[in-house]
Amino acid sequence: MTTESFTLEWWSWFQSLLWVILIFIGLIILYYIIKEIHDAKVTPRLAEIELEKEKLELMKLDYAHRGQPFFRVPPEKLEEINTLDQDNLRLEADIFAKQNAVDRRIQRLENSVKSTKLDHMVEKIKDEERKIR
């Protein structure tokens, strides 16, 4: 009888504790479900951020590499290049000035040709008028 009463006492104690254990297990399961949902939302964003960081690093490396020339130009050659560049600028300015002068001369010639043609036409018209009278 003592074992039955002990079992009965233990069972009644366990029943009162069973609901607490079930609620605790349910809370743990709920915690893991919420954690998985949170991780499902946050993980892709973290992956995107990590990808952007990698892209920025690659761009930095690319720009750092672009900054260094492929070959070294000796100072003498650099000076020669600068003088050639200045000569080119001077020549371009001279060519532009000469082209403008030529354009103006051509315009004047065209105007004088038009003027003489008109003068000749006016004279022809006057001659025709004289003939008609």
Side-chain angles (χ1 to χ4, degrees):
M1 196 108 171
T2 58
T3 59
E4 284 181 14
S5 67
F6 177 70
T7 308
L8 191 58
E9 286 177 23
W10 185 80
W11 180 250
S12 65
W13 176 79
F14 181 72
Q15 278 183 337
S16 63
L17 190 63
L18 179 66
W19 292 109
V20 174
I21 293 172
L22 289 177
I23 291 173
F24 185 71
I25 291 172
L27 287 175
I28 290 173
I29 291 171
L30 186 65
Y31 168 77
Y32 280 112
I33 290 172
I34 292 173
K35 183 179 176 190
E36 285 299 318
I37 291 172
H38 180 266
D39 286 348
K41 288 182 180 179
V42 171
T43 304
R45 180 65 184 143
L46 290 175
E48 288 176 15
I49 291 171
E50 189 65 30
L51 182 64
E52 291 296 324
K53 285 181 183 177
E54 288 177 12
K55 284 181 184 178
L56 285 174
E57 288 297 320
L58 287 174
M59 287 174 64
K60 284 179 186 177
L61 289 173
D62 187 40
Y63 284 125
H65 179 68
R66 285 184 185 176
Q68 299 170 354
F70 290 113
F71 57 89
R72 279 302 250 170
V73 178
E76 307 87 34
K77 293 287 184 183
L78 195 59
E79 289 175 13
E80 184 180 345
I81 290 171
N82 287 335
T83 57
L84 287 175
D85 189 38
Q86 290 172 358
D87 290 341
N88 280 339
L89 288 174
R90 256 188 268 117
L91 288 174
E92 284 177 10
D94 289 344
I95 290 171
F96 180 75
K98 288 178 182 178
Q99 186 176 6
N100 280 341
V102 168
D103 287 342
R104 279 188 253 124
R105 282 183 180 173
I106 289 174
Q107 188 67 34
R108 274 189 265 148
L109 287 173
E110 286 176 352
N111 288 339
S112 68
V113 167
K114 283 180 187 176
S115 176
T116 54
K117 279 185 178 180
L118 287 174
D119 287 342
H120 287 295
M121 288 176 72
V122 168
E123 286 179 19
K124 283 183 181 180
I125 291 172
K126 286 181 183 177
D127 287 340
E128 290 296 323
E129 285 178 352
R130 283 186 206 143
K131 288 179 183 177
I132 291 177
R133 292 187 196 167

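From a predicted model like this one, the values you see are computed outputs, not experimental measurements.
- The other residues sharing a hydrophobic cluster with I23 are L27, where clustering joins ILVMFWY side chains under 4.5 Å apart.
- In this structure, I106 belongs to a hydrophobic cluster whose other members, linked by side-chain heavy atoms under 4.5 Å apart, are V102.
- With T43 contributing its side chain and A40 its backbone, the two residues share no donor-acceptor pair below 3.5 Å.
- Counting side-chain heavy-atom gaps under 4.5 Å among Ile, Leu, Val, Met, Phe, Trp and Tyr, L84 is found in no cluster with other residues.
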Please report, to 0.1 Å, the donor-acceptor pairs under 3.5 Å made by any side chain of residues 86-100, with sequence neighbours excluded.
{"from": "D87", "atom 1": "OD1", "to": "R90", "atom 2": "NH1", "distance (Å)": "3.0"}
{"from": "D87", "atom 1": "OD1", "to": "R90", "atom 2": "NH2", "distance (Å)": "3.0"}

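- Residues L51 and M59 do not share a hydrophobic cluster, clusters being chains of Ile/Leu/Val/Met/Phe/Trp/Tyr side chains in contact below 4.5 Å.
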TODO: Run the numbers on E54 and E57 for side chain to side chain contact (heavy atoms under 4.5 Å, CB included), then give the verdict.
DONE: CA-CA 5 Å; E54 288 177 12; E57 288 297 320; 5.6 Å; no

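- Side-chain atoms of T116 come within 3.5 Å of backbone atoms of S112 as a donor-acceptor pair (strictly under, hydrogens ignored).
- R104 CZ to R108 CZ: the interatomic distance, rounded to the nearest 0.5 Å, is 7.5 Å.
- K117 has its side chain out of reach of K114: every pair of non-hydrogen atoms, C-beta onward, lies at least 4.5 Å apart.
- If you chain together hydrophobic residues whose side chains sit under 4.5 Å apart, L30 and F24 never meet in one group.
- By the 4.5 Å heavy-atom criterion applied to side chains, E80 and K77 are counted as neighbours.
- Screening I29, I28, I34 for a side-chain contact (heavy atoms from CB on, under 4.5 Å) with Y32, the sole residue that qualifies is I28.
- For the pair T83 and E79, the minimum side-chain heavy-atom distance is 4.5 Å or more.
- Residue pairs meeting the salt bridge (charged side-chain N to carboxylate O under 4.0 Å, His left out) criterion with at least one partner in residues 35-48, sequence neighbours excluded, are R45-E48.
- With sequence neighbours left out, the side-chain hydrogen bond (donor to acceptor under 3.5 Å, both in side chains) criterion links R130 to D127.
- Between L22 and W19 there is a side-chain heavy-atom pair separated by less than 4.5 Å.
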